[in-house]
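See structure below.
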2 protein chains.
Amino acid sequence: MSPMSRNSPALSIKSASVQDYVKVIYTSTEWQDQRVTPSQLAARLGVANSSVTGMVRKLVDLGLAVHQPYQPVELTGEGKALALAMVRRHRLIETFLVQELGYAWDEVHDEAELLEHTVSDTFVDRLSAKLRHPTRDPHGDPIPAADGTVRMPAAHQLGELDPGHTGHIIRISDANPELLRFLSTEEIGLDDRVEVIGHRPFGGSLVVRIGSADRPREIDLGQEATAALWVASDGPHENCLLGS
Amino acid sequence: MSPMSRNSPALSIKSASVQDYVKVIYTSTEWQDQRVTPSQLAARLGVANSSVTGMVRKLVDLGLAVHQPYQPVELTGEGKALALAMVRRHRLIETFLVQELGYAWDEVHDEAELLEHTVSDTFVDRLSAKLRHPTRDPHGDPIPAADGTVRMPAAHQLGELDPGHTGHIIRISDANPELLRFLSTEEIGLDDRVEVIGHRPFGGSLVVRIGSADRPREIDLGQEATAALWVASDGPHENCLLGS
DNA sequence: AAGTAAATTTAGGCATGCCGAAAAAATGGA
DNA sequence: TCCATTTTTTCGGCATGCCTAAATTTACTT
């Protein structure tokens, strides 16, 4: 039995703020393996540091997080289950907005951010069914299953790859809408092939051959873009199954 | 120019509570023509009378309502525009839940009640387009247009009609989910024909011939049901156009 | 016209979640 | 090691919106 199915009523009890904190704590460690500090949380949530202190105490009281004074924050199993449920909601809603309501890539984030706190479990289930139970959202992020399992593809940020590497884009961080619009006009999208050519001598920009299979181009990408694009290397696929 | 198009940013500023109060004030006078008292508001909103006093003062400060102490509450033009926008949201969302996500009649109200405060104007517009700009929700209630106009069909509660009257059902109040389920099992629905036969001597129940065109039956309906069913009389249709 | 019952308002409080300012603890450089 | 900077926490406060209990006003009855 998964942790989520056991406490389904619990979800509806937690406030939107609690849900937000837990989700941000979780997503801060989704693509890199460091624990998150209170000040990082404050920055991501757009609140003062002192607000985080208070809220983290509440999360600990609720059994969702563990925290020692002056230390980073971590989720408990229950906290992680709640976070996965929220991530699932968020990404299903984003997928719906794009596929059913014709939203553009860069428009969906804020709307989903609000709706994820409001829709019922029933709504989420029916939405998932209507969308044929997708496993990736429009940005390529994995959508956790209802039982809390996630397939995390092995991926690296484009900026971290050495020249010569080839692969294809499996994830585009949705953190920066402006960047999403840039990629859109450059016609760079999910599943495009990439080859790392090398670094420009003085600019800090990375030269890559990129594009859909039929139209690869050489292009310079700045640090912003290479951090937002995640690449799966060519070769046999490693997928790791993460429980909650 | 409609009132709504002028202050579109205003909507997003009002809190969910303000939106709820304004909507309830409006819907209290939608199907009957009496002003609503604070205690009626309290009952409908599920809050204490004293909470209404405070909130009504706020509505007045916001320019959404007018109120003299110890008197009923009324909306200003701006308040009515906000209310119509909320009603539009609510009914479009209900329609979406039924048509696109397969919700049953009696399941949609609570979900819509929450979502109406959360979705953006963009969402509402695109949803309306996706549903082909419907003018009636699943209960037959009119959906205000984006510019705030509503077509209110001339209708009467079934319980108010004299024996011999014929017409068809154009609205079923969604206030009571249990009743909606009853009507569902009796296969009574929107657009069914009705003929009032007469009152049972001692029961208070009303005998009507009712049902879809191919299968009319005689049936006894209690006071609950006859108050929830709204009938348009046969004959030339009178529609009145209400501005906001 | 007076008295009682009902509706409404006032007053004081509570919970959530945010803030800024100031104190306390950790970190890093010389 | 010690001092300065940064991070985190504590403290007091504020806004929203709800509550109960106690006035106040209105409405009804006789």
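Reminder, nothing fancy here: chain letters follow the sequence lines and each chain counts from 1.
- For the pair L41(B) CG and dT8(C) C1', the interatomic distance rounds to 12 Å; values are reported in whole Å.
- In this structure, NZ of K14(B) is placed 12 Å from P of dG17(D), rounded to the nearest angstrom.
- In this structure, A48(B) reaches the bases: a heavy-atom distance under 4.0 Å links it to at least one base atom across the strands shown.
- Out of dG17(D), dT10(D), dC19(C), the shortest distance to the side chain of T53(A) is found at dT10(D).
- Side-chain contact, E94(A) with H139(A): a donor N or O sits under 3.5 Å from an acceptor N or O.
- Atom CD of E111(B) and atom CG of L101(B) lie 8.5 Å apart (nearest 0.5 Å).
- At least one side-chain nitrogen or oxygen of S51(A) sits closer than 4.0 Å to the OP1 or OP2 atom of dC19(C).
- Nearer to the 5' terminus of DNA chain C, by closest-nucleotide assignment, is the contact made by P38(B) (compared with the other of P38(B) and Y21(A)).
- Atom NZ of residue K14(B) and atom CG of residue L64(B) lie 5.5 Å apart, to the nearest 0.5 angstrom.
- For the pair M55(A) CE and dA15(C) P, the interatomic distance rounds to 16 Å; values are reported in whole Å.
- Distance check, rounded to the nearest 0.5 Å: CG of L158(B) to CD of Q223(B) gives 11.0 Å.
- Put simply, CG on L45(A) is 15 Å from C1' on dC19(C), counting in whole angstrom units.
- A distance of 4.5 Å separates CG in L92(B) from CD1 in I143(B), rounded to the nearest 0.5 Å.
- Rounding to the nearest 0.5 Å gives a distance of 5.5 Å between CG of N176(A) and CD of E224(A).
- The shortest distance between the side-chain N/O atoms of S39(A) and the OP1/OP2 oxygens of dT8(D) is below 4.0 Å.
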I'd like a table of atom pairs between the protein and nucleotides 21-28 of chain C - only N or O on both sides, under 3.5 Å - with the distance next to each one.
{"from": "dA25(C)", "atom 1": "O4'", "to": "Y70(A)", "atom 2": "OH", "distance (Å)": "3.3"}

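- Note: CG (N49(B)) to P (dA22(D)) measures 16 Å, nearest angstrom.
- A close approach under 4.0 Å does occur between a side-chain nitrogen or oxygen of R57(B) and OP1 or OP2 of dT10(C).
- Spacing between atom CZ of R35(A) and atom P of dT8(D) amounts to 12 Å, rounded to whole angstrom units.
- In this structure, the nucleotide among dT9(D), dT20(D), dC18(D) sitting nearest to the side chain of H67(A) is dT9(D).
- One interatomic measurement links the two molecules: CD of Q68(A) to P of dT9(D), which rounds to 11 Å at whole-angstrom precision.
- The phosphate of dT7(D) has neither OP1 nor OP2 within less than 4.0 Å of any side-chain N or O from T37(A).
- Distance check: Q19(B) CD to H117(B) NE2 gives 5.5 Å after rounding to the nearest 0.5 Å.
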